[in-house]
Amino acid sequence: MNSPLKSVDPAQPGVVDISDTSPEDYIPGGVHSSIRRFDPILNLSRAEGSRVYDMEGKEYLDYHLAFGPILLGHRDEGVTAAVNEALGEIDLVGSGATRFEVELSRLLVEHVPSAERVLLTNSGSEATYHAIRVSRAMTGRDYVLKFRGSYHGWHDSVALSVQPIANQSQRDLISAGVLGTTADRTMTAIFNDFESVEDIFREHGSTIAAVIVEPIQHGIGCITPQASFLEDLRRITSDYGALLIFDEVITGFRHAIGGFQSLVGVMPDLTTLGKAMGNGFPISAVAGGKEVMERFDTHPSGDVFFAGTFNGHPVSSAAAIATIRRLENSATYDKLYHLGDRMRAGLRTIGERLPFPTSVAGYGSIYILYFSETPPTRSTDLVSHDGPRFMRYRRAMIERGIFEPVMDLKRCHISLAHTEDDVDHTLNAAEDALKYVATHHLE
Ligand code: PMP
């Protein structure tokens with residue numbers, strides 16, 4: 001698990017030789033985000049297009065894509081040029097708004113249908129935190145409703161019910177140290193089970209400030225919303241005076257430049273965006289109607305505190321502008337969707353020949369191979385998914401040079417830098433890995 005760090009070229013001036021240093025010597029567990037600790041850990045030293053390279057120079061086709069932010073491909077030329085241009089002009093100044101922040105905000109308002117105003121911050125967690133806080137301020141209510149299996153960040157209001165199957169024997173928090181009185185203000189329903197939402201609203205409707213929902217449940221792979229589920233959420237939140245928050249941190253930009261809301265025509269009160277927006281640079285946004293957004297105290301009449309030293313950083317903003325400009329060409333989505341379709345169709349065909357059940361799900365450039373008879377339509381269906389086999393498969397893929405994260409239920413992402421050949425090569429590796437898994441039960 002522990003690979004010592006080696007510099008790419010110790011002889012290169014300015015490159016420190018850390019070849020006798022292990023990440024664990026300085027970093028607890030050797031990673032700066034707990035979900036980066038898979039087995040095996042890949043310590044990567046270079047990334048380009050659809051590929052990443054480890055310390056020994058071994059190449060991997062990358063479908064992890066850093067949990068989703070890389071949409072155009074690693075180190076996309078246009079994004080790199082925009083970042084360099086910004087750096088030639090300004091860095092962080094902490095006053096007013098730079099031209100980069102203004103242009104990016106305008107682009108978001110132009111493209112995201114429910115956005116009249118936006119505020120930029122740095123991570124998805126910050127965005128969902130602020131969306132929930134302003135919902136509480138708008139409604140004067142405390143409670144939040146989320147869906148089992150969705151992850152909305154690390155803060156206390158959403159630090160629960162992330163696993164798809166409830167563990168009855170213990171509290172369902174993702175962390176020690178979560179303030180119970182805050183987590184207790186969050187209730188959990190089942191995605192695509194509108195009755196479970198209605199039941200909660202019937203009993204607690206007058207106390208609910210907001211429903212926060214990933215419009216496609218990507219936290220556990222890919223569960224798309226059934227028929228009128230999102231419309232029903234829109235209606236019930238409006239009826240009860242609660243806000244509807246679409247957490248489009250994954251779906252935003254990856255599936256459409258205007259987010260999933262632009263594809264289904266359901267308008268949330270608030271939208272959170274992040275990940276693919278900056279093609280790997282740290283940036284996120286909260287967006288919504290003028291009235292709710294002007295409750296934030298960046299506006300003189302607002303009373304909901306909104307601040308951050310690095311908010312709207314010119315470098316990240318420039319990266320996001322360059323990313324969004326590329327996405328304005330609809331051919332980018334044609335290609336992403338085409339590659340996704342090709343991968344899913346290929347995996348389905350391979351699955352038909354296997355001695356154990358697999359099923360394929362996905363949307364656009366996201367795909368996942370579940371180890372169950374049919375893909376889940378609700379988180380509760382995942383009881384029939386064979387997690388240990390899934391993990392064995394993912395390890396076998398890494399051994400074959402395909403980087404799909406060794407984390408149960410974690411979706412895979414395709415970038416614009418991937419090609420049909422990459423997909424076909426991946427399908428060959430998948431077939432081989434699955435045959436291996438079929439004959440190696442207990443590893
Ligand atoms: N919302 C969703 C839907 C996410 O998938 C994530 C991250 N996986 C977050 C919020 C939190 O984003 P971040 O890791 O940037 O804080």
Side-chain angles (χ1 to χ4, degrees), residues 31-38 63-71 112 119-133 135 144-164 174-175 178 186 188 191 210-225 230 233 244-256 259-261 268 270-288 308 310-313 316 319-320 323 362-366 368 379 404-405 407-413:
V31 288
H32 286 289
S33 174
S34 65
I35 53 175
R36 291 182 194 163
R37 191 162 19 78
F38 342 114
Y63 295 97
H64 176 41
L65 297 178
F67 289 98
I70 308 297
L71 180 58
V112 180
L119 284 168
L120 301 173
T121 182
N122 308 291
S123 67
S125 299
E126 288 170 273
T128 58
Y129 183 93
H130 290 299
I132 288 172
R133 182 185 269 178
S135 300
V144 171
L145 192 154
K146 79 180 281 289
F147 292 92
R148 173 159 295 288
S150 279
Y151 177 72
H152 300 288
W154 39 251
H155 53 92
D156 290 2
S157 290
V158 289
L160 67 158
S161 311
V162 171
Q163 292 306 319
I174 62 170
S175 173
V178 167
T186 299
T188 305
F191 190 86
V211 171
I212 183 164
V213 62
E214 295 179 271
I216 295 181
Q217 211 173 18
H218 281 312
I220 42 180
C222 182
I223 300 184
T224 48
L230 296 175
L233 290 183
L244 179 61
I245 304 169
F246 273 7
D247 182 355
E248 298 230 41
V249 164
I250 296 177
T251 53
F253 307 103
R254 182 161 281 283
H255 294 330
F260 196 67
Q261 61 193 263
L270 287 160
T271 302
T272 51
L273 298 159
K275 292 208 193 252
M277 178 171 156
N279 201 53
F281 284 83
I283 190 151
S284 69
V286 192
F310 298 112
N311 284 2
H313 196 292
S316 293
T323 304
Y363 190 93
S365 56
I366 285 181
I368 181 164
S379 51
E404 297 187 350
M407 268 180 95
D408 197 15
L409 301 174
K410 202 47 75 189
R411 67 202 170 271
C412 295
H413 311 86

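In each ligand, atom 1 is the first atom listed, and ligand 1 is the first ligand listed. For this chain, numbers begin at 1 and follow the sequence in order.
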**Q** Measure the NZ-OG distance between K146 and S161 for me, rounded to the nearest 0.5 Å.
**A**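 Result: 5.0 Å between the selected atoms.
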**Q** Could you state the interatomic distance from CG (D247) to OH (Y151), rounded to the nearest 0.5 Å?
**A**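 Spacing of CG (D247) from OH (Y151) equals 10.5 Å.
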**Q** Rounded to the nearest 0.5 Å, what's the gap from CZ on R37 to NE2 on H32? Could you check?
**A**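 NE2 of H32 is found 12.5 Å from CZ of R37.
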**Q** Going from CG on L160 to OG1 on T186, what distance comes out if it is rounded to the nearest 0.5 angstrom?
**A**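 Between atom CG of L160 and atom OG1 of T186 there are 5.5 Å.
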**Q** Quick one: OG on S379 to CZ on F147, what's the gap to the nearest 0.5 Å?
**A**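 Atom-to-atom, S379:OG and F147:CZ are 10.0 Å apart.
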**Q** For ligand 1, give me the residues whose heavy-atom distance to it is below 4.0 Å, by chain and number please.
**A**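 Residues near ligand 1: S123, G124, S125, Y151, H152, G153, E214, D247, V249, I250, K275.
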**Q** May I have all residue pairs that pass salt bridge (Lys or Arg N to Asp or Glu O under 4.0 Å) and include part of residues 148-157, sequence neighbours excluded?
**A**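 Qualifying pairs: R148-D172.
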